[in-house]
Each structure stands twice: as C-alpha cells, then as structure tokens.
Amino acid sequence: MREHQGPAPEQAFDVAVIGGGVNGTGVARDLSLRGLKVILFERNDLAFGASGNSSGMIHGGVRYLTSNPRVTEQSCRDSGYIQQIAPHLLFRIPFLFPVKSGLKGRIAIELIDAFFRAYDQFQPLKRGEPHTRLSPSELAVLEPGLTGSLVGGITFDEWGVDGARLCVLNAVDAKERGATIHVHTAVEAVERSEDDDGRGRPGQNVGSYVVRARDLLTDRAVLARARVVVNATGAWGPITAALGNLPAARVRVRPGKGIHVAFDRRLSNYGIVCEAIDGRQIFVMPWQNMTVIGTTDDDYFGDLNDVTATSEEVRYLVQGVARVFPAIREARAIGTWAGVRPTLYEFGRNEDALSREHLVVDHAHDGAPGIYSMIGGKLASYRIFAQEMSDRIAQDLAPSSVCTTHEKPLPGGDRVPDALALSEQSGVTPVAARRLVYRHGSRSARILARLAKSPRERAIVCACEPVLEAEVRHALASEMARSVEDVARRTRLGLGACGGMRCAARCGQIVAEELGLPPSHGAKMARAFLVRHARSRIVAMGPEQARQEALAFAAMRATLGTREDEP
Amino acid sequence: MTRVLVVGAGIAGTAAALAASAAGASVTLLDGGPGASVLAGGALDLLPWEDATGSQDDAALADPAVAGVLRELAELVHVTPTPAVLVTQAGILRPARAAAVGLLDLAPLSAGLVLVPRAEHPGWDAAACARAWNDTALARARGLEFAAIDATLTRLTDERFLAHADLAARYDEPAQFSWLADRIKQAVARYAGSRVVAVVAPPWLGVEHARARATELSHAVGVPCGEPLLGPGGPAGLRFERARDRALGRREVVVVAARAKEVARDGDAWAVTLEGGDALQADRVVLSTGGLVGGGLTYAPSASVLAGELPPRARPSFASTVEAPVAIGTGRRPIGIPGSLFGESPESLAWPFAPFAPLLERAGVLASSSGHVDAGLYAAGDVVADRPRTWLDALAQGARAGATAARAT
C-alpha cells in the first residue's frame with residue numbers, strides 16, 4: 001500500500017551512509033560511537049545483498065599467508081575482535097581438507113601441511129585450534145562419509161557467523177547511539193547544496209550535500225543534509241555513484257555471483273573442502289542447524305535486486321561435493337541463496353595486499369569533496385574496513401576521536417546467557433531458548449521479558465527454527481524489520497524445512513498488526529515471501545520434494561490464495 | 001460380474017469405487033496411504049477457486065453417477081445450490097463450491113457480528129484472524145464484522161500443545177463436547193444485545209460426527225457455528241477418511257492396503273502387481289493415484305540426475321509410478337521424450353505462480369474426457385493431465401470413470 005504524504009522535514013547530519021550491508025552499518029556504528037550524527041539509507045533491507053548471502057564465515061585471511069603475513073595477522077586479530085564484540089553470534093567450524101592419493105597428492109599434503117603450520121602462529125589471535133595432519137583412517141573416524149582413496153588430510157579451524165544478524169546488530173547499535181536508519185528507502189539523488197556554507201575549513205575534505213530519498217513502502221520522501229556522504233552499496237556502487245553525478249568508472253566493481261545451497265540438517269560435524277569439476281575449491285559445511293554447500297564465482301550482469309541461483313549452479317556444486325562426500329546426493333535441499341560480490345575491478349594505488357580486497361575512493365578528485373565510495377571488502381574484514389573509512393572521515397569531523405568498535409560489544413554481545421537456565425525461567429523449550437540466545441545473546445532476556453506482559457507471545461510461530469512470536473515482534477519493534485521477508489532475515493523464520501508454509505501467513509498477520517498496516521497487506525507480504533523462496537528452492541529440489549512442493553502449494557492456495565490482490 | 005480394481009483411495013478413487021459398485025461391479029480398492037484428499041482442508045471446489053468467476057457450471061454434478069456418489073458421502077459433504085463462503089485461518093474469506101462438514105459457511109449471512117472466541121492455543125489467535133477477516137472485500141460487501149471475544153476453551157495443559165486434528169478427535173466424546181459447547185455458549189451470551197449472526201469456533205468439532213457437532217453447537221448457541229478452513233494439521237482429512245471408510249464399507253468394497261507397481265494386460269483382463277509382489281486380476285482398472293502430490297507421477301529433475309555423473313541415457317522428467325500403458329503429458333501433448341539430455345529445467349517448471357499454470361500442476365496421464373485411456377483402463381482425478389486440481393472435479397471424474405468401467409463390456 002502506498003500512501004502519498006508530504007516529505008519529512010529536512011534534517012541535518014554529519015554523515016549520510018548509503019547502503020545497509022555490513023560495510024554501511026559498520027561505518028554507521030563506528031561514526032556513531034565517535035559521537036557523529038549519522039543517517040543511513042538502505043534501498044531494500046539490511047543485509048539484502050552480499051552481506052546476507054555470503055558463506056557466513058569470518059575467516060583469518062589465510063590466502064595472504066605467503067604474500068603478506070601481516071595481512072593474515074591483521075585478519076586473524078580482527079576475527080578475534082568480532083568474537084569479542086559478538087561472542088554469541090560466532091560458532092566454530094572445524095574443517096577437513098582431504099587430499100586424494102597419488103603422487104600429486106603425496107606432494108600436495110606436504111605443502112598444505114607446511115602452509116597450515118605457518119598459519120598456526122596466528123590461530124591464537126582468533127582463538128582457533130592449530131591444524132592437525134590426519135591419516136586416512138583418522139579421517140574415516142572423524143567423517144565416515146568421505147569416499148575415495150585418500151592420502152590423508154589436514155584440519156583447520158574457522159568461525160561461522162550469521163551475516164544478516166551481524167549487519168542488523170551493527171545497525172541497531174548505531175541507532176541506539178543516535179543514528180537514523182531508513183530501510184526500504186532508496187536514495188534518488190545526492191545534490192550539492194545550493195547554500196553550501198563552506199563550513200569545511202581549508203584542508204578539510206567535507207562538503208554540503210542534500211540526499212533525496214524515497215521510502216519505497218510508503219512512497220514518502222525523505223530529505224537529509226549531510227557534510228559527508230559514504231557510498232557503501234557494494235555491487236550497486238556504480239549505480240549509486242551515478243546518483244551523485246559522479247563518474248561510475250571511479251567505483252568500478254566486477255560483480256561476482258556466488259550461490260549456496262542449504263540442506264535440512266547437519267550432515268557432518270565438519271566442514272569439508274572439496275574440488276569442483278574445474279578445479280576450484282568448494283566446500284560443504286555445517287552452518288547453524290543446516291548444511292551449506294558453496295560457492296560459485298561467476299560474472300553477473302543481471303538485475304542486482306533479483307539474484308537467484310540456477311539449477312546449473314546447484315548441479316556444479318552438488319557434483320563437486322559428491323565426489324568426496326556422496327551423502328549430499330541423498331540429502332534434502334531446502335533452499336538456495338545467491339549474492340553478488342563487489343569484487344574490485346581496478347586495483348588501487350596502494351600496494352598493500354589488504355587494499356586489494358577493499359578500497360576507499362575519495363571523490364574529492366571528482367570535484368565532490370566529502371563523498372567517499374567503499375568498494376570491495378569481505379564480511380570477515382568489515383570492521384577494519386569500516387574503521388579505515390571512519391578514521392578518514394573523523395580526521396575532518398571528529399579529529400580527537402578514536403575507533404572503539406573492537407572493544408564495545410554489539411547489542412547482546414556483552415555476555416552469553418545460559419540457554420537452559422533461560423528455558424527453565426521462562427518456560428520456552430530449550431531448543432527455542434538456545435536458538436534465541438544464538439541470535440540475541442544477552443538481549444534474549446529482553447525478548448523473554450515480553451512474555452510476562454503478553455503470555456501468548458510464547459507461541460512458536462515458526463516450528464522449524466523455532467521462532468517465538470515474541471521474537472517476531474521484537475524484530476519488528478526493535479530491529480527495523482518491515483516485512484515477512486525482513487523478519488525471516490533476522491530470525492530465520494520460514495527458512496527451514498517447511499519453507500514458510502506453516503508460518504508465513506501467521507507472520508504476515510503479526511507484521512501487519514505490529515506496524516499498523518491493514519491485515520490484507522500482511523497476507524500479501526506472506527505470499528511474496530512464499531513465492532520468492534519457492535523460486536529459490538525449486539532449482540535444488542529432488543523428485544520426492546517436487547511432490548511435496550505441489551502438495552504444500554495446494555494447501556497454500558486453499559487457505560491463503562496465490563493472487564496478489566484479494567479475491 | 002465385472003471386476004473393477006481402483007488404484008488409489010483419495011476422493012477420485014473413492015468415487016470410482018462407489019460408482020462402480022452402484023453399477024453392479026465387484027470392486028477392489030488399493031489404498032496406498034494418505035494423499036491430497038486427506039490433507040485437503042475441506043474447501044470443495046469444482047474449479048480452482050481463484051479462477052472461478054461468479055456462477056459455476058454445475059453440469060458435472062448433475063450426472064446420475066456423480067449425484068449418487070455425493071449422496072453416499074452425504075455425511076461429509078452436502079452440495080447446496082449456492083456456493084459457500086469460507087473463512088481461512090490464513091486470514092482471507094474465499095468462495096468454495098461446497099464446504100466439508102464442520103466448516104462455517106458465511107454465504108447465507110449478512111449484516112451482523114461474527115464472534116470468534118479466544119482460546120489458549122498457539123494455533124488459534126482469534127484477534128488476529130478477526131482483524132484479517134474484517135480487512136477483506138467479501139466481509140465489507142456483506143456487512144459482516146468479526147470480533148474476538150473472551151472465552152476459556154482449554155482446561156488441560158496438554159490441549160495447548162495438541163495439533164488441531166488431535167484436539168478435534170478428543171471432542172468426539174459427547175461429555176467433553178458439551179463442556180466446550182457450554183463454554184462457547186456462555187462466551188457468546190454476553191453479546192445477547194448485539195446482532196450476532198454466526199460464531200467461528202476453533203477447529204475442534206469432532207472427527208466422527210462433525211456435522212452433528214456443528215448442528216448441536218449451533219442449536220445451543222442459537223446462531224450458525226462452524227470452523228475456519230485450515231491448512232494441513234486440521235481435522236478435515238480425518239473426517240474424509242471416516243466418511244470414506246463407512247461409505248466403502250456399506251458398499252462392501254474390498255480395500256487392500258498396498259501400492260500398485262505394475263498394471264499390465266493379461267489377455268482380456270488386467271493384472272495388477274503390488275509392491276509386495278502379490279498380483280490381482282481385474283476386468284477394468286481405474287488409475288486414481290493422484291497428481292505429483294499423491295505420487296501418481298514422479299518428476300525427476302535433471303539437477304538430481306546429474307548430481308553425480310551423466311545419466312546412461314536421457315530420461316523423461318515425468319513418469320508414472322505405476323508402470324501402466326499410459327502416456328504422460330500436459331496440454332494434450334505427451335512429454336515423455338525430453339527435449340534435451342537435461343529434460344525440463346526446474347526454472348521453467350517453477351512454482352505455480354499466477355498467472356500461468358506450471359508444469360508441476362499440469363503434468364499427468366493423457367485421457368479422454370470420460371477418463372478413458374486404453375481398453376478397460378481409466379484415469380480419474382489429479383492423475384489426469386491438464387485438469388483443474390480440485391476436489392469436486394476429482395469426485396465427478398472418478399464417479400464417471402467408475403460407472404463407465406462397471407458398465408463397459
């Protein structure tokens with residue numbers, strides 16, 4: 001439903017951040033912690049793009065080990081920082097690296113062993129275990145599902161994370177420290193302010209800009225004045241730059257599409273490194289309560305707002321994984337996700353290896369002082385990237401400030417409560433409490449406190465995950481969710497084995513109620529969610545599932561309908 | 001006496017068995033387990049309801065064989081001259097050609113208050129449902145207003161964890177049910193001054209005698225009372241099974257719990273091999289195994305075939321689970337031969353998005369409009385290609401196929 005309303009009154013900010021991925025929310029948090037007044041615009045939802053569709057790992061920059069060990073050290077230290085500020089959100093994923101037998105394999109395992117021996121010195125920084133070398137029989141004990149003739153294997157340690165929640169927590173923290181966050185709000189233009197008061201003293205890299213945006217759900221215009229504008233829109237970067245009349249070529253990215261396939265349970269307790277048909281390294285790993293295989297890397301030229309996996313991509317991954325872990329063929333795929341990496345197109349002038357991963361473009365050279373573009377970057381290095389960007393801005397706007405994002409915990413990250421104790425106190429099931437603590441850390445108590453006022457919020461809306469009604473309402477009231485899809489991104493509601501068949505309609509009702517929308521709008525959102533996820537599932541479905549899918553659809557048609565508009 | 005073997009115990013198979021028996025045949029029915037009919041929520045359509053516009057063509061229901069089957073299933077369904085209007089727990093109001101027992105039909109009602117008693121059950125949020133139903137064009141057009149009212153409808157802790165279907169079965173006990181009816185009556189009594197036209201009760205009105213329960217409740221309360229339409233997990237499937245088993249029992253149809261594996265010609269007759277290896281003989285066979293849903297057809301997406309290595313040869317992406325001499329197709333065209341080594345790509349099958357019907361819904365056995373496939377072989381229900389996948393349509397097809405099979409010489 002669109003409501004035509006007048007624009008909100010123009011407000012003045014120090015910094016306007018465009019993009020609600022991990023880089024944008026990371027910068028918004030960093031600057032808010034430094035006392036600057038920040039406004040953030042996100043066209044879709046927080047973590048809609050690459051941040052919420054990554055492999056969900058915080059890794060230690062192992063690939064720079066030979067070229068630049070300082071980068072590896074920095075990455076590992078940063079991984080350790082993220083563990084400190086959000087201990088509830090990270091989980092250990094021990095990886096197995098099986099090596100096929102043969103002359104090549106016997107040489108390869110020595111090289112890999114030596115390589116990881118060098119990596120071991122950095123593991124304490126991220127609380128990782130040192131690598132071990134395993135014989136074929138030891139490998140078989142750890143993971144009996146491995147097949148093929150193996151010369152042995154290596155173990156190494158990485159950390160998993162829910163990327164969408166990482167973004168949301170950064171945004172929530174920024175908001176609680178005074179930032180204004182607009183989701184589902186598209187920036188339409190970034191203009192030089194006519195009454196540029198030249199507040200920037202000589203030598204300061206600031207301007208005076210008016211950011212014109214529009215709330216895509218209400219059609220309401222939003223205006224903001226800012227002295228610095230940060231373009232943190234990832235693969236959308238060139239498009240965003242064009243909105244500010246900046247040359248898109250300055251922020252060229254090479255969009256690389258990556259897909260993942262999720263399976264309904266943890267098939268193994270170890271991540272396994274596999275090889276695809278073209279020799280690329282791919283993996284299968286336990287991730288939260290599922291198994292995930294990934295990933296592909298292909299140039300992408302399609303619509304960035306609608307990226308979906310294809311059956312060919314799914315087949316490529318399943319085929320590669322099945323060579324060493326054949327159980328994957330029998331497993332039940334419950335969904336796919338696809339994201340577009342904002343890989344750097346042109347390397348910056350800085351020769352430092354890390355800056356090949358990410359780069360700050362200063363548009364002062366394009367006649368737009370105070371406008372920056374953040375390009376490239378990885379989930380694992382978001383904090384350091386945000387710090388680099390914020391340090392640059394703070395030189396002009398808050399010279400005496402220092403970065404504290406590595407010390408101050410993210411919301412809920414101050415301590416990890418005991419899930420069983422919470423379960424006993426509140427009466428919610430231990431599984432629900434455990435999952436709640438994973439997502440919310442110490443803030444679980446806040447969500448459970450809702451039950452005292454409103455006992456029916458104890459109802460489990462999504463049984464697969466599971467998600468309590470209280471958590472759905474919390475996501476809407478305190479985490480900026482505005483649709484069923486947004487709730488799913490924050491709580492994983494509807495992303496389990498049933499694909500939202502049992503919970504989407506109910507969630508739509510709650511969204512509508514909580515946000516004061518007509519209930520028919522909630523039903524519409526539920527349909528949109530179901531359709532989107534059915535499309536993501538169908539490319540990975542097996543024969544049994546096709547039948548179940550048809551049945552589930554019949555149930556949905558009977559009770560919710562499929563038409564966009566009400567009957 | 002003609003021996004008719006019906007493969008599949010959904011609504012199409014049940015109708016075929018009843019019609020064939022009524023026409024004097026000796027009938028055996030293979031029940032391979034629950035399918036779409038059992039999991040359907042009780043909204044009984046002749047056409048997909050979203051495509052049905054205003055008046056529907058009821059000609060299919062006038063066929064004597066179809067009318068006969070409807071009479072035999074009267075404890076489950078009664079097709080009224082006017083279509084029904086149902087409330088669904090997903091929050092919409094929708095038309096249906098008819099409603100299974102227990103469901104509240106709003107069609108005769110207008111201008112008044114419909115009360116929705118609250119219950120302490122995670123699957124029953126009266127306030128949310130009332131809000132959603134009020135926000136529909138059908139409610140506004142009829143001047144119906146839904147209102148959640150306070151009531152205490154649970155007394156045992158376990159009732160809060162039971163699925164709706166299990167809770168409904170508990171209320172088959174008359175003493176239990178009169179307690180529930182009493183509570184609803186008390187809750188509604190507080191609104192004596194308002195123009196109350198109906199009550200939407202939680203979907204617990206029993207399994208064995210839901211019609212009697214709904215009538216009893218309506219008498220006690222003084223206005224029509226009934227349930228909303230639920231997705232899977234509701235009591236509608238259990239009610240279908242009970243009504244079916246009683247009707248088949250009255251007709252002395254032999255029910256065999258087994259799945260057919262092969263249907264092959266055996267001279268003038270047919271031989272049906274079961275999964276366990278046993279074989280049955282019959283003069284006529286009705287295939288009513290359901291669509292993809294019931295397992296009547298399998299779909300082998302290329303992705304899973306090619307997960308490992310290339311397949312030995314190209315395989316059709318759709319096939320019948322029963323090896324019968326039938327052609328699988330959509331839109332009256334066979335699709336047995338894949339267009340390429342990879343078959344139909346899943347993206348083109350897609351989820352059944354409006355506005356087009358996808359392959360997943362259209363694929364089936366190619367049959368003539370009377371269900372005729374081969375001499376003595378008939379198909380009915382969702383297994384037939386390019387038919388509307390609806391309950392009453394399946395019943396009509398099944399009844400016609402059963403009657404034709406019994407009479408054909």
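Chain A is the first sequence line, chain B the second, and so forth, proteins listed ahead of strands; every chain is numbered from 1.
The parts of Ala558(A) that come within reach of chain B are both its backbone and its side chain, each placing non-hydrogen atoms under 4.5 angstrom from that chain. Of the atoms belonging to Ala132(B), heavy atoms from both backbone and side chain fall under 4.5 Å from chain A. Heavy-atom distances place no part of Asn134(B) under 4.5 Å from chain A, backbone and side chain included. Within the 4.5 angstrom heavy-atom criterion, only backbone atoms of Leu230(B) (N, CA, C, O) approach chain A. For a residue to count as touching a neighbouring chain, one of its non-hydrogen atoms must lie under 4.5 Å from one of that chain's; by this rule Thr390(B) does not touch chain A. Only the backbone of Trp124(B) comes within contact range of chain A, with at least one heavy atom under 4.5 Å from a heavy atom of that chain.
The residue among Gly231(B), Gly233(B), Ala128(B) with the most heavy atom pairs within less than 4.5 Å of chain A is Ala128(B). The candidate from Pro519(A), Ala505(A), Pro326(A) with the greatest count of non-hydrogen atom pairs under 4.5 Å with chain B is Pro519(A). Here Gly561(A) is the residue among Pro455(A), Gly561(A), Ala504(A) with the most heavy-atom pairs under 4.5 Å with chain B.
Here the CZ atom belonging to Arg160(B) is positioned 11.5 Å from the CG atom belonging to Leu167(B), to the nearest 0.5 angstrom. With rounding to the nearest 0.5 angstrom, the CH2 atom of Trp391(B) is 6.0 Å from the CZ atom of Phe240(B).
With 3.5 Å as the limit, one finds a donor-acceptor pair spanning the side chains of His533(A) and Glu485(A). For the residue pair Thr330(B)/Asp386(B), the side-chain donor-acceptor check at 3.5 Å is not satisfied. Using a 3.5 Å distance cut-off with no hydrogens or angles, the side chains of Arg332(A) and Gln548(A) do pair a donor with an acceptor.
Here the side chain of Arg131(B) pairs no donor or acceptor atom with the backbone of Glu513(A) at under 3.5 angstrom.
Classification of Glu313(A) and Lys257(A) as a salt-bridged pair holds, one side-chain N sitting under 4.0 Å from a carboxylate O.
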